[in-house]
Amino acid sequence: MKIYTKTGDKGKTALFGGTKVPKHHIRIESYGTVDELNSHLGLVRDQDIDKHSKEILATIQNKLFTVGAILATDPEKAMLKSGKERLNIPKISNEDIELLEKEMDNMNEALPPMTHFILPGGHQTVSFCHIARCVCRRAERLAAALNDLDPFQPETLMYLNRLSDYLFVLARKLSKDLQADEVKWIPQKDS
C-alpha cells in the first residue's frame, strides 16, 4: 500500500463512508486535532514517568483513535444498507469516562489542595502535559461545534471534556513526582 494517494491534491479528502469534503471542514479540523492530541500524549508517555501513568496514557491513546473514527464518520453514511453500523467498533462508553474520573480522584488524594491558578511549566515533562491539555481543549471546542451541526454520540464529547481535566491533574501529579515547583498565578494589584 502506498502512503501517498494523490487524492487530496485538490484540497479535498474523504470521510469514513466516502463523502468528499474540503480539508478545512469542521469535521476534518475536529478529528485532525484529536490526532494532534494523540501525538502529544505519545510525547508525554515517552517521558521518564511512572509505569501506571504510561499505561493509562496508552489506553487513552487507543480511545482517541475511536474518538477520531466517530468524528470522521459521515452521519448520512453511518448505517450500511444491511442496517449495520459502518463503524463496527466499540464506541466511547461511560466506563471509559469513569476510568478518567477514578484516575483523577486517585491522583488528587496525593496532591496538595489548589488555592490558585497554576502557571504551566516547572519541568519539560509537565509542560508537555499542559500542551496536551490545551490541545485537548481545542479538540473539545471543535468537536462541540461539530456536534452543534451534526450531533454524534454524547459520550464522545464527554470523554474529551473529562480528558482535559485528567491531563491537568496528571500535570500536577507529574510536578509532584518530579519535584518541580508549581508556580501560582498571583495577579498584580493595581497601584
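Note that the coordinates shown come from a computational prediction; the quantities given were computed from them, not determined experimentally. The figures that follow rest on heavy atoms only: side chains count, while hydrogens, waters and symmetry mates do not. FYI, the numbering just counts along the sequence from 1.
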Exercise. Answer yes when D177 and R172 have at least one side-chain N-carboxylate O distance shorter than 4.0 Å, and no when they do not.
Key: no

Exercise. May I ask you to decide if the ring planes of F117 and W185 are parallel, tilted or perpendicular, using 30° and 60° as cut-offs?
Key: tilted

Quiz prompt | Presence of salt bridge, D50 and K173, under 4.0 angstrom | solution = yes

Quiz item: Any sub-3.5 Å donor-acceptor pair from Q61's side-chain atoms to N38's backbone N or O?
Solution: yes

Quiz item: Counting only heavy atoms not in N94, do more than 12 fall under 6.0 Å of its CG?
Solution: yes

Quiz item: For the side chain of E36 and the backbone of G32, is there at least one donor-acceptor N/O pair under 3.5 Å apart?
Solution: no

Quiz item: For the hydrophobic clusters of this structure (ILVMFWY residues joined by side-chain heavy atoms under 4.5 Å, transitively), does one cluster hold both L43 and L57?
Solution: yes

Quiz item: Donor-acceptor pair, R162 side chain versus E101 backbone, under 3.5 Å?
Solution: no

Quiz prompt | Short side-chain to backbone donor-acceptor contact, K54 and Q47, under 3.5 Å | solution = yes

Quiz prompt | Heavy-atom donor-acceptor pair, S93 side chain to E95 backbone, under 3.5 Å | solution = yes

Exercise. Identify whether the distance between the nearest side-chain nitrogen and carboxylate oxygen of D150 and R27 falls below 4.0 Å.
Key: yes

Quiz item: Just wondering, are more than 12 heavy atoms of other shown residues or ligands nearer than 6.0 Å to CG in N88?
Solution: no

Self-check item: salt_bridge(E55, K51) N-O dist < 4.0 Å
Solution: yes

